[in-house]
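A quick write-up on the structure given underneath.
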Amino acid sequence: MAYWLMKSEPAEMSIDDALAMPAVPWFGVRNYQTRNFMRDVMRVGDGVLFYHSSCAEPGIAGIAEVVSTAYPDHTQYDSKSHYFDPKATQETPRWMMVDIKAIRKTPLLSLTEMRTHSELETMQVLQKGSRLSITPVTTAEWNAVMMLLMK
DNA sequence: GCCAACGTTGGC
DNA sequence: GCCAACGTTGGC
């Protein structure tokens, strides 16, 4: 069992949008490191911090879980899609995705507040230059976030 | 809109 | 394999 932080732009997919869906297909990842996390490490049941990015108040907005292993991202084959990749083939898909399921919305734990808690300072999302849309979260970091969300 | 910090591409 | 140019992310 592992833990992750997954960034989503609320204008595209907010925690409220996610809660209204039985599962959220996480298509559109076009970064190899992030793909490798999904393909090689993510397992059903892993915990997810649902993070709102590129918005007025970035931060952790909810809890979700991984509900599928990785499978080919169909948007790579769709020439009309923003995510189309001409180098991907059915035989050798280049991009993978997983499904997640939103569990609950939480009070927003803003990026600003996250930075004030020393027990979160190791989180990858807080590191300078960190841009990955999916990052691993340690058990200690997960537990610390849960404590803060319960207050 | 700015820009730091990456990641990717492609010529050589 | 190097690396300059370019593209993207995402907070501010």
Side-chain angles (χ1 to χ4, degrees), chain A residues 2-21 24-42 46-66 68 70-138 140-142 144-149 151:
Chain A
Y3 300 106
W4 306 93
L5 180 143
M6 297 175 73
K7 295 181 187 172
S8 182
E9 301 188 13
E12 300 293 324
M13 175 66 63
S14 70
I15 183 66
D16 290 319
D17 297 332
L19 279 167
M21 301 168 66
V24 183
W26 213 257
F27 59 82
V29 168
R30 294 295 180 268
N31 170 281
Y32 289 107
Q33 250 185 291
T34 309
R35 177 204 66 183
N36 294 347
F37 283 144
M38 291 196 289
R39 187 189 63 190
D40 305 333
V41 195
M42 275 191 167
D46 283 0
V48 173
L49 301 173
F50 195 102
Y51 180 94
H52 283 173
S53 67
S54 293
C55 59
E57 272 208 291
I60 294 168
I63 307 297
E65 70 176 334
V66 177
S68 86
Y71 60 98
D73 178 340
H74 55 86
T75 62
Q76 70 194 303
Y77 307 124
D78 178 359
S79 60
K80 296 189 192 69
S81 169
H82 173 65
Y83 300 114
F84 177 62
D85 184 342
K87 293 181 182 163
T89 66
Q90 296 283 342
E91 294 72 30
T92 53
R94 184 183 269 207
W95 305 110
M96 307 290 281
M97 59 195 271
V98 299
D99 294 344
I100 71 167
K101 178 177 167 47
I103 295 171
R104 63 187 172 91
K105 188 175 183 172
T106 64
L108 186 81
L109 179 57
S110 72
L111 177 59
T112 309
E113 190 184 343
M114 290 171 73
R115 292 196 190 284
T116 69
H117 294 283
S118 60
E119 64 272 32
L120 302 185
E121 70 186 6
T122 55
M123 290 187 74
Q124 285 195 25
V125 73
L126 300 186
Q127 305 311 305
K128 188 179 172 74
S130 164
R131 296 189 310 170
L132 295 183
S133 61
I134 300 178
T135 47
V137 171
T138 67
E141 290 161 355
W142 175 274
V145 168
M146 292 304 122
M147 290 296 290
L148 291 167
L149 291 177
K151 279 185 189 167

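So that the names make sense, note that chain A is the first sequence line, chain B the second, and so on, each numbered from 1. None of these values were measured; they are calculated from a predicted model.
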Restricting both atoms to N or O, compile the protein contacts to nucleotides 10-12 of chain C shorter than 3.5 Å, with distance only.
from: dG10(C); atom 1: OP1; to: Lys7(A); atom 2: NZ; distance (Å): 2.7
from: dG10(C); atom 1: OP1; to: Arg131(A); atom 2: O; distance (Å): 2.8
from: dG11(C); atom 1: OP1; to: Tyr51(A); atom 2: OH; distance (Å): 3.1
from: dG11(C); atom 1: OP2; to: Ser54(A); atom 2: N; distance (Å): 2.9

Picking from Thr135(A), Leu132(A), Val125(A), what satisfies side-chain contact (heavy atoms from CB on, under 4.5 Å) with Lys7(A)?
Val125(A)
I want to check one thing: is the phosphate of dA4(B), taken as OP1 and OP2, less than 4.0 Å away from some side-chain N or O of Lys128(A)?
no
How about Met123(A) and Val145(A): do any of their side-chain heavy atoms sit closer than 4.5 Å?
yes
Do any N or O atoms from the side chain of Glu141(A) and from the backbone of Thr138(A) form a donor-acceptor pair under 3.5 angstrom?
yes
Contacts of Lys87(A) and Asn31(A) projected onto DNA chain B by closest heavy atom; the upstream (5') one is Asn31(A)
Exercise: do Ser14(A) and Asp17(A) side chains pair donor with acceptor under 3.5 Å:
yes
In whole Å, what is the span from the CG atom of Asp85(A) to the C1' atom of dT9(B)?
13 Å
Solution key, residues 90-102 of chain A side-chain donor-acceptor pairs under 3.5 Å, sequence neighbours excluded:
from: Thr92(A); atom 1: OG1; to: Thr89(A); atom 2: OG1; distance (Å): 2.7
from: Arg94(A); atom 1: NH1; to: Tyr32(A); atom 2: OH; distance (Å): 3.3
from: Arg94(A); atom 1: NH1; to: Asp85(A); atom 2: OD2; distance (Å): 3.4
from: Trp95(A); atom 1: NE1; to: Asp85(A); atom 2: OD2; distance (Å): 2.8
from: Asp99(A); atom 1: OD1; to: Tyr71(A); atom 2: OH; distance (Å): 2.5

Round to a whole Å and report the spacing from NE2 of His82(A) to P of dT9(C).
7 Å
How many whole angstroms separate atom CG of Leu5(A) from atom C1' of dT9(C)?
15 Å
Quick one: Gln33(A) CD to dA5(B) C1', roughly how many Å, whole number?
13 Å
Gln124(A) backbone acceptor or donor facing Ser130(A) side chain under 3.5 Å:
yes
